[in-house]
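One structure below.
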There are 2 protein chains.
Amino acid sequence: MVRPKKRVAKSIRANRDAELTQRQILDAAEQEFARHGLKGARMSAIADRAQVTTATLHYYFETKENLYKAVLQRPVDQIQTTLGQLNLDGLSPEAALKQIIRIAITSEAENPQRQMLWFQEASQNQGGYFKECNVLSLHAHLLKVLEEGIAEGCFRPLKPFLALTHILSVCLFYFTVHENWKHLTPEVDRLSPDQIEEHTEAAIAFILAAVKRTAD
Amino acid sequence: MVRPKKRVAKSIRANRDAELTQRQILDAAEQEFARHGLKGARMSAIADRAQVTTATLHYYFETKENLYKAVLQRPVDQIQTTLGQLNLDGLSPEAALKQIIRIAITSEAENPQRQMLWFQEASQNQGGYFKECNVLSLHAHLLKVLEEGIAEGCFRPLKPFLALTHILSVCLFYFTVHENWKHLTPEVDRLSPDQIEEHTEAAIAFILAAVKRTAD
DNA sequence: TTACTTACTGATTAATTAGTCAGTTTACAA
DNA sequence: TTGTAAACTGACTAATTAATCAGTAAGTAA
């Protein structure tokens, strides 16, 4: 005798808003993938954080890998938007550089976990998912400013690409290591607005001093 | 009727050297954990790379977590040794700083994948396994040099801890992003000795210019 | 009210993965 | 040669995990 299964009624998700649900899933997935990478991330952890079941994850994104790709796509789009608003025309190389430093730090501060997403992707999957999209337009702007400044003589005769690396280092490494330094000085919240402002000012002073031609 | 199992004879591992085997396992595990973190790493991948079976991994290290801890311990011991040979007495702050920059870059260049090991640990496990050990003795040296230089007036009046961060950024971020920049300029091997030497020289020039008091 | 579509889930399956263990091979001492 | 301990493995188990799918609740239009 086969007893038909009786399911209990569900209340669950009040919203029933496909767009909102997907955004919640992507937010949760971004956290999880940033922490654990593609392989290390757990669909169940993402589902829990997004307050849905794993079946819902598959309903919207089919596979874990698709969800991962969707997560990677978001910051790309966002950076593209940010840079669309950027206009450096008419600024001196020095002023333009200051502007770029501020933008780099600000956009990183908004999503500090994306650092790790980016590094995980490069180290685990050889950056395959990033290959085609040019996230690197900020780099292009910076490189142009550096080359102009060197040509005009207001910057030292730097090697442009190494200088680019070192400048971005100063801006971004702060966020890369902030987790590592939590256990050094647990009382300081290095992601608080005023700590980030201090970092920004110090970074500008540091970088400007490093690249500007000294009076001779 | 029970047919008793006959196992075929094995040649396999010629060496049969416990110490060597363990080192091979640790090397393989360091690569795998650096790429994928604790959760994402696969015991089978480690076993394959080390040319042993997963049973051997458990024979020597019991659990995945123990193996992970053993992997983390090695760099700690190694850095401790390196710093034991360091002597900055009698050097000017500027010369001492140059020395520290060279050491930081050199030791990072020897094991560029350890960057990720370190970051993975911080982001995945809140740096729990690192808490008790003071890997940070290089930081202590650097901080001391900076404070002396500021006090003597040969460095600008920097905030010591932010300056420390920015200096280490310039030295280390190069290795953090080198995977990300492979797909930008695939033809350049940024880990080759001469590329690293270029980075070192540029980093020294950059940092010194950034911290030194300008003639006034 | 009814018919239909979309959003979402519980329960289950198939595949992967850490961990176990009895047993085999090698080195070496007596 | 024999005995013994250490090094190592093949074959297995238990647990975890991604993926599936039939089915249910909610919205919507006729």
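Numbers restart at 1 for each chain; the letters A, B, ... are given by sequence-line order, proteins then strands.
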Polar side chain donor-acceptor pair, B/Gln24 to B/Gln51, under 3.5 angstrom: no
Calculate the interatomic distance between A/His36 atom NE2 and D/dT17 atom P; express it in whole Å. 11 Å
Below the 4.0 Å mark, does C/dT20 have OP1 or OP2 next to a side-chain nitrogen or oxygen of B/His58? no
A/Ala55 has a side chain; which of D/dC8, C/dG19, D/dC21 sits nearest to it? D/dC21
Interatomic distance where CD1 belongs to A/Ile25 and P belongs to C/dC8 [whole Å]: 8 Å
Looking across every strand, which nucleic acid part, if any, lies under 4.0 Å from B/Tyr60 by heavy atom: base, sugar-phosphate, or nothing? sugar-phosphate
So what does B/Ala18 touch, heavy atoms closer than 4.0 Å: a base, only the sugar-phosphate, or nothing? sugar-phosphate
Below 3.5 Å, does any donor atom in the side chain of B/Arg16 face an acceptor in the base of C/dT26, or the other way round? yes
Quickly work out the B/Lys39 NZ to D/dT17 P distance and round it to whole Å. 7 Å
Nearest whole angstrom, please: distance from the C1' of D/dT16 to the CZ of A/Arg42. 8 Å
Spacing between A/Leu57 atom CG and D/dT17 atom C1', to the nearest angstrom: 13 Å
Selection from C/dA18, D/dA19, C/dT9 that lies nearest to any side-chain heavy atom of B/Met43: C/dA18
Residues that B/Ser192 engages under side-chain contact (heavy atoms from CB on, under 4.5 Å), provided they are two or more places apart: B/Asp189, B/Asp194, B/Gln195
Expressed in angstrom and rounded to an integer, what is the separation of A/Phe61 atom CZ from D/dA19 atom P? 14 Å
Under 30°, 30 to 60°, or over 60°: which ring-plane class applies to B/Phe206 and A/Phe206, parallel, tilted or perpendicular? tilted
So, is B/Thr56 close to the D/dA7 phosphate, meaning a side-chain N or O under 4.0 Å from OP1 or OP2? no
Would you indicate which nucleotide in D/dC8, D/dA19, C/dC8 comes nearest to any side-chain atom of A/Tyr59? C/dC8
Between A/Lys144 and A/Glu147, does any NZ, NE, NH1 or NH2 come within less than 4.0 Å of an OD or OE carboxylate oxygen? no
To the nearest Å, give me how far apart CD (A/Gln51) and P (C/dC8) are. 13 Å
Contact under 4.0 Å: B/Thr54 side-chain N or O vs C/dT17 OP1/OP2: no
Students often mix this up, so state it plainly: with edges at 30° and 60°, are the rings of A/Tyr174 and A/His199 parallel, tilted or perpendicular? parallel
In whole angstroms, the gap separating P of D/dT20 from NZ of A/Lys64 amounts to 14 Å
Nearest-nucleotide wise, let me know which of B/Glu62 and A/Thr53 is further upstream toward the 5' end of DNA chain C. A/Thr53
Among the nucleotides C/dG19, D/dA19, C/dC8, which one has an atom lying closest to any side-chain atom of B/Thr63? C/dG19
Using a heavy-atom cut-off of 4.0 Å across all strands, would you classify A/Ala41 as base, sugar-phosphate, or nothing? sugar-phosphate
